Protein chains: 2
Amino acid sequence: MPPHDPTDLVRQLAHVPLFQGLPADRLASILTLAHERTMDPGDFFFREEDPAEHFFVLTRGRVKLTQLTPEGHQVVLSLLGPGDAFGGVGAFGEASYPIGAEAIGEAAALAWTSATMRHLFEQESTIALNALHFVSGRLHDLQRRHRQAMTERVERRVARAVLRLAHEAGRPVEAGVEITFPVSRQDIAEMTGRTLYTVSRLLSGWEERGLIRSGRQHIVLTDPEALAAIADDLPAR
Amino acid sequence: MPPHDPTDLVRQLAHVPLFQGLPADRLASILTLAHERTMDPGDFFFREEDPAEHFFVLTRGRVKLTQLTPEGHQVVLSLLGPGDAFGGVGAFGEASYPIGAEAIGEAAALAWTSATMRHLFEQESTIALNALHFVSGRLHDLQRRHRQAMTERVERRVARAVLRLAHEAGRPVEAGVEITFPVSRQDIAEMTGRTLYTVSRLLSGWEERGLIRSGRQHIVLTDPEALAAIADDLPAR
DNA sequence: GCTGGTCTTTGCGCCGGCGCAACCGTGCCC
DNA sequence: GGGCACGGTTGCGCCGGCGCAAAGACCAGC
């Protein structure tokens with residue numbers, strides 16, 4: 001893919017949470033310090049324990065933040081979309097990443113070294129405040145999901161995970177809402193800490209009841225309201 | 001309790017994470033904007049959905065951050081100790097608190113209005129960066145605990161919760177390590193999303209095996225290494 | 001078009017944890 | 001000192017989810 005025209009990039013990135021409120025000339029200057037990284041499906045921007053050398057802002061595609069269990073199983077903690085920042089620990093002196101960042105499909109991000117990013121946080125209070133706002137939002141989101149993970153039965157949590165995918169990356173189609181990137185039973189299992197067999201049984205049951213239509217790594221929500229009823233307390237959209 | 005001597009307070013708070021690196025005169029000035037709040041055991045600094053009017057730094061005692069399930073059960077997301085900040089969402093425009101903050105035993109905190117705090121973040125990049133560092137650390141801590149909650153059996157998680165209590169608020173006694181504030185079976189159940197009967201069975205079993213000694217809301221770890229073996233992958237201290 | 005690999009489905013026995021009940025022990029207050 | 005309330009203990013039947021096995025389906029590459 002050809003390098004972005006810098007003016008295009010400034011326009012595109014002016015709206016990402018981290019750079020909100022930053023003058024265009026200042027943003028252009030910051031972008032000259034960045035490198036672009038592209039990843040093929042399944043590649044990692046970084047793995048857990050890698051040296052924390054860079055900070056990233058996702059420009060294209062999707063990324064899942066992962067951790068491994070001591071037994072080597074992968075768990076998905078969050079999904080990121082374009083405009084989201086990740087990998088910030090190095091700017092605060094952490095030696096290595098505590099999580100991994102794996103591309104779902106093809107993905108691209110801008111990368112700054114951790115030292116550069118530390119310097120930008122110190123120089124630009126707008127960026128530091130935006131980052132604080134962004135990370136606080138992610139903390140509260142994870143607090144809610146953690147409470148749900150600790151207390152809810154598996155069907156509710158799987159329903160919630162599927163609705164969340166549809167909400168963040170769904171597009172309307174004639175039959176309902178289609179999740180626009182490949183999602184396997186194993187992916188949903190990793191998001192919910194269950195096994196792919198449990199997820200498969202649930203999705204098969206929903207398909208029988210007409211709530212979804214699914215194929216290999218492909219899901220369409222044909223009755224999102226019924227799924228929401230299973231998930232129970234999804235806030236109205 | 002008599003109001004603090006301001007010089008004492010500056011000395012005490014110079015080391016809390018939020019104010020690290022701030023000149024003493026600037027810190028003194030910030031402290032003049034604060035009010036002190038004290039809470040009796042079981043009182044809330046704020047409850048979930050309360051208007052997000054204040055930002056807090058805990059000066060004495062302990063606080064648990066909680067959420068309610070739709071069924072009205074309480075879950076403990078984190079414990080805070082002296083020096084920890086909480087309640088920051090109002091500084092970013094959120095109308096209400098997404099979590100509750102309940103005093104364990106008697107507790108005291110300094111409180112600033114959300115508008116004052118927003119202003120301080122904008123004026124003092126040191127505070128904004130410190131807050132970013134603090135919140136990022138909490139996010140990573142919760143990511144790890146979330147992964148553990150999703151994938152681990154209940155005995156491991158309860159062992160982990162008890163070890164964590166001992167680590168954060170334990171003191172050496174002749175028999176081992178005593179948790180220095182009252183902790184009931186119900187408290188541990190709320191931290192782990194299980195029932196007090198399950199926690200009771202586990203603790204009774206550990207007591208039979210000589211790993212702990214416990215009474216009413218009181219636990220001494222007599223064999224922390226054995227508990228760590230149960231928890232399995234507690235990092236060495 | 002065929003084959004191989006990957007993903008999905010389904011069965012079944014087992015076990016961890018829950019829910020509910022009933023009881024016990026301890027501490028505090030009168 | 002006694003009684004009551006609260007916290008802790010223990011039993012037992014039930015059920016959700018797992019682990020493993022086996023088979024089926026689908027997609028991509030040759």
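Letters A, B, ... are given to chains in the order of the sequence lines, protein chains preceding strands, and every chain is numbered from 1. Bear in mind that the values here come from a model prediction, so they are computed numbers and not experimental data.
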Peer 1: Look at the side chain of B/Ser200 and the backbone N and O of B/Leu196, then say whether any donor-acceptor pair between them is shorter than 3.5 Å.
Peer 2: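 Not at all, since once roles are kept as given, no pair shorter than 3.5 Å links the two residues.
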
Peer 1: Checking B/Arg138 now: which residues fulfil salt bridge (Lys or Arg N to Asp or Glu O under 4.0 Å) with it, not counting sequence neighbours?
Peer 2: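 Expected list: B/Asp84.
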
Peer 1: Please examine the side chains of B/Val89 and B/Pro98, heavy atoms only from C-beta on, and report whether any two atoms are closer than 4.5 Å.
Peer 2: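 B/Pro98 vs B/Val89: side chains touch.
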
Peer 1: In terms of relative ring orientation, are B/Tyr97 and B/Phe56 parallel, tilted or perpendicular, with 30° and 60° separating the classes?
Peer 2: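 Aromatic pair B/Tyr97/B/Phe56 classed tilted.
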
Peer 1: Check each of B/Arg194, B/Arg144, B/Arg160, B/Arg157 against B/Glu152 using the salt bridge (Lys or Arg N to Asp or Glu O under 4.0 Å) test, and report the only one that passes.
Peer 2: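 Result for salt bridge (Lys or Arg N to Asp or Glu O under 4.0 Å) with B/Glu152: B/Arg160.
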
Peer 1: Can you list, pair by pair, the side-chain donor-acceptor contacts under 3.5 Å of residues 41-48 of chain B, counting residues two or more places apart and other chains?
Peer 2:
from: B/Asp43; atom 1: OD2; to: B/Asp40; atom 2: N; distance (Å): 3.3
from: B/Glu48; atom 1: OE1; to: B/Leu68; atom 2: N; distance (Å): 3.0

Peer 1: Taking only nitrogen or oxygen atoms into account, show me every contact under 3.5 Å that the protein makes with nucleotides 13-16 of chain C, one pair per line with its distance.
Peer 2:
none

Peer 1: Have a look at B/Glu155 and say if it touches a base, only the backbone sugar-phosphate, or nothing, with a 4.0 Å heavy-atom cut-off.
Peer 2: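 Result for B/Glu155 = nothing.
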
Peer 1: Are A/Leu203 and A/Ile219 side-chain neighbours, meaning at least one heavy-atom pair lies under 4.5 Å?
Peer 2: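 Yes. Closest side-chain heavy atoms under 4.5 Å.
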
Peer 1: Between B/Glu207 and B/Arg213, does any NZ, NE, NH1 or NH2 come within less than 4.0 Å of an OD or OE carboxylate oxygen?
Peer 2: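 Here B/Arg213 does not pair with B/Glu207 in a salt bridge, since their nearest N and O are not under 4.0 Å apart.
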
Peer 1: Checking contacts here: which listed nucleotide (D/dG7, D/dT9, C/dT8) is nearest the side-chain heavy atoms of B/Gln217?
Peer 2: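 Output: D/dG7.
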
Peer 1: Any base atoms under 4.0 Å from A/Leu203, or only sugar-phosphate, or nothing? Heavy atoms, all strands.
Peer 2: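 No contact.
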
Peer 1: Could you check how far CZ of A/Arg157 sits from C1' of D/dG17, rounded to whole Å?
Peer 2: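 A/Arg157 atom CZ is separated from D/dG17 atom C1' by 12 Å.
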
Peer 1: Do the side-chain N or O atoms of B/Ser200 get closer than 4.0 angstrom to the phosphate oxygens (OP1, OP2) of D/dG8?
Peer 2: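 Result: no.
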
Peer 1: In residues 179-190 of chain A, which residues come under 4.0 Å of DNA chain C by heavy atom?
Peer 2: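 The answer is A/Ser184, A/Arg185.
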
Peer 1: With sequence neighbours excluded, tell me which residues meet ring-ring contact (aromatic ring centres under 6.0 Å, His included) with B/His140.
Peer 2: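 If we apply the ring-ring contact (aromatic ring centres under 6.0 Å, His included) test to B/His140, skipping adjacent residues, there are no hits.
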
Peer 1: Is any side-chain heavy atom of A/Trp112 closer than 4.5 Å to a side-chain heavy atom of A/Leu31?
Peer 2: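 Result yes, sub-4.5 Å side-chain heavy-atom pair found.
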
Peer 1: To the nearest angstrom, how far is B/Glu208 atom CD from D/dT9 atom P?
Peer 2: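 Taking atom P of D/dT9 as the reference, CD of B/Glu208 is at 10 Å.
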
Peer 1: Decide yes or no for A/Val173 and A/Val177: does some side-chain heavy atom of the first lie under 4.5 Å from some side-chain heavy atom of the second?
Peer 2: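 Of all side-chain heavy-atom pairs linking A/Val177 with A/Val173, none is under 4.5 Å.
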
Peer 1: Output one line per pair: protein atom, nucleotide atom from nucleotides 21-30 of chain D, and distance, for all N/O pairs under 3.5 Å.
Peer 2:
from: D/dC26; atom 1: O2; to: A/Arg216; atom 2: NH1; distance (Å): 2.9

Peer 1: Does D/dT10 have its OP1 or OP2 closer than 4.0 Å to a side-chain nitrogen or oxygen of B/Ser204?
Peer 2: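 Yes, B/Ser204 has a side-chain N/O under 4.0 Å of OP1/OP2 on D/dT10.
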
Peer 1: Let me know the distance between CD1 of A/Ile219 and P of C/dC7, rounded to the nearest Å.
Peer 2: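 Taking CD1 of A/Ile219 and P of C/dC7, I get 14 Å after rounding.
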
